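Okay, structure first, notes after.
Atoms within each ligand, like the ligands themselves, are counted from 1 in listed order. Since this is a predicted model, take the numbers as computed values, not measurements. Just the heavy atoms: all of them, side chains too, but no hydrogens, waters or symmetry mates, feed the values below.
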Amino acid sequence: MSARPVVVVTRRLPEAVEQAAARDFDARLNRDDKPLGPDGLKEALRSADAVLCTVSDKLTADILSAEPRRARLLANFGVGFNHIDVEAAKARGLAVSNTPDVLTDATADLAMTLLLMVARRAGEGERHLRAGAWTGWRPTHMMGTQVSGKTLGLVGMGRIARAVAGRAHGGFGMRVIFHDPYPPSPEVARSLGAEPRERLEDVLRQADFVSLHCPATPETRHLMNRERLALMRPDAYLVNTARGDVVDEAALVEALQSRRIAGAGLDVFEREPEVSRGLLELENVVLLPHLGSATTETRVEMGMRALENLRLFFAGSPLRDRVA
Ligand code: DGY
């Protein structure tokens with residue numbers, strides 16, 4: 001019998017991370033990468049000392065009520081944790097950790113990717129070319145929107161938003177405005193070339209591109225509803241690399257169909273992996289399958305950070321990234 005803590009790893013992880021997990025723990029790896037589902041998650045909570053989970057595991061209050069529970073830590077692979085009922089975890093004395101910092105650059109890069117793709121009609125252009133529809137260069141073909149020098153509005157000004165601000169301002173000469181109920185100091189904002197706005201509505205009215213970077217909480221659910229989408233300019237674009245819940249997807253489809261806004265670049269969706277049919281049918285949207293942190297380097301770092309939290313926990317030390 002192994003005295004090492006038993007850790008259920010809910011999905012496949014990069015090879016180096018799985019090797020490190022197997023070295024340091026009695027790791028129960030998920031070789032076929034099928035989501036465990038509610039029953040599998042309950043079984044993991046009953047049989048393991050910790051669960052290394054991901055955004056694809058819905059850890060609801062019901063699942064966390066599995067008894068008799070052996071697990072004492074949910075080490076989340078990812079910074080966002082809205083798939084975990086943190087209050088229920090807390091109430092049951094279950095610790096929760098996440099992996100901030102290490103995915104900031106990758107996610108900021110992806111926000112810029114979406115922004116550029118939708119503005120320059122890159123997805124549409126690629127579909128056009130692959131379909132054999134391209135008849136050759138002409139001055140009026142697929143004209144998009146200039147990005148350089150435009151105004152970027154950031155909703156939320158945490159780590160990822162700041163990294164986007166740096167790229168947009170430093171790399172593309174964009175004017176950056178933002179709204180955050182807990183804004184950074186004026187010095188930090190100035191160093192990023194970013195101007196605060198008291199009201200979210202002012203960001204929405206003034207920006208050519210609105211990029212969402214707030215956490216998904218009950219307060220931010222459907223933050224971008226019909227009324228707020230209507231405040232955006234008709235030539236403005238919405239970018240979402242945060243969480244699908246922050247946008248009312250049905251209202252967004254309507255806004256895009258009616259050209260109430262010019263377009264959207266989306267990496268996250270309300271009911272992943274389901275995507276609203278209306279979005280799939282539109283040309284003025286770029287849709288990616290939740291790739292924000294999906295670089296090899298970042299995914300390895302996320303895994304190592306989750307393992308670091310596990311090691312600290314079982315050594316009786318404070319977690320580096322405690323959420324609950
Ligand atoms: C994150 O880290 O929050 C990513 O979206 C994957 O969960």
Side-chain angles (χ1 to χ4, degrees), residues 8-14 17-18 21 30 33 35-36 41 50-60 63 73-86 89 96-115 154-164 211-221 223-224 238-247 249 264-275 286-310 319-324:
V8 166
V9 179
T10 65
R11 302 303 299 262
R12 281 233 70 162
L13 299 179
V17 183
E18 288 192 343
N30 181 352
D33 204 22
L36 299 187
L41 289 170
V51 179
L52 194 163
C53 55
T54 74
V55 68
S56 61
D57 305 308
K58 305 283 170 246
L59 289 150
T60 60
I63 287 173
L73 172 66
L74 299 173
N76 186 52
F77 179 98
V79 66
F81 47 84
N82 63 316
H83 54 289
I84 301 173
D85 188 327
V86 172
V96 181
S97 62
N98 69 344
T99 61
D101 308 317
V102 291
L103 45 70
T104 299
D105 283 331
T107 309
D109 288 350
L110 198 91
M112 291 307 296
T113 303
L114 285 170
L115 188 156
L154 299 169
V155 178
M157 199 51 170
R159 299 179 197 86
I160 296 172
R162 294 178 201 194
V164 172
S211 190
L212 304 178
H213 299 284
C214 50
T217 62
E219 294 72 41
T220 61
R221 185 177 148 71
L223 183 78
M224 293 305 292
L238 180 72
V239 172
N240 189 7
T241 52
R243 279 293 182 265
D245 304 28
V246 177
V247 178
E249 209 165 283
L266 308 173
D267 187 44
V268 286
F269 304 89
E270 251 195 285
R271 290 169 295 279
E272 294 180 16
E274 189 192 319
V275 176
V286 176
L287 307 169
L288 294 180
H290 204 145
L291 295 180
S293 60
T295 68
T296 304
E297 296 88 336
T298 295
R299 289 282 163 89
V300 169
E301 282 194 78
M302 289 164 73
M304 296 305 182
R305 186 81 166 236
L307 294 180
E308 184 184 344
N309 280 303
L310 282 159
L319 289 171
R320 178 162 178 191
D321 308 301
R322 180 178 278 279
V323 168

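With hydrogens and angles disregarded, no donor-acceptor distance shorter than 3.5 Å links the side chain of Asn309 to the backbone of Leu319. Here the side chain of Glu249 pairs a donor or acceptor atom with the backbone of Glu270 at under 3.5 angstrom.
Residue, atom and distance of the protein heavy atom nearest to atom 6 (C) of ligand 1 are His290 NE2, 3.8 Å. Nearest to atom 1 (C) of ligand 1 among the protein's heavy atoms is Val79 N, 3.5 Å.
Residues Arg243 and Val55 have side chains in contact (heavy-atom distance under 4.5 Å, counting atoms from C-beta outward). In this structure the side chain of Asp267 reaches within 4.5 angstrom of the side chain of Leu291, judged on heavy atoms.
Close approach of ligand 1 to Gly78 is summarised as follows: ligand atoms under 4.0 Å from at least one heavy atom of the residue are 1 (C), 2 (O). Less than 4.0 angstrom separates some heavy atom of Val55 from each of these atoms of ligand 1: 7 (O).
Looking at Gly80 next to ligand 1, an N or O pair under 3.5 Å apart turns up.
The only option from Asp57, Thr54, Asp33 that meets the side chain to side chain donor-acceptor pair (under 3.5 Å) definition with Arg11 turns out to be Asp33.
Neither the backbone nor the side chain of Thr107 has any atom closer than 4.0 Å to an atom of ligand 1 (non-hydrogen atoms only).
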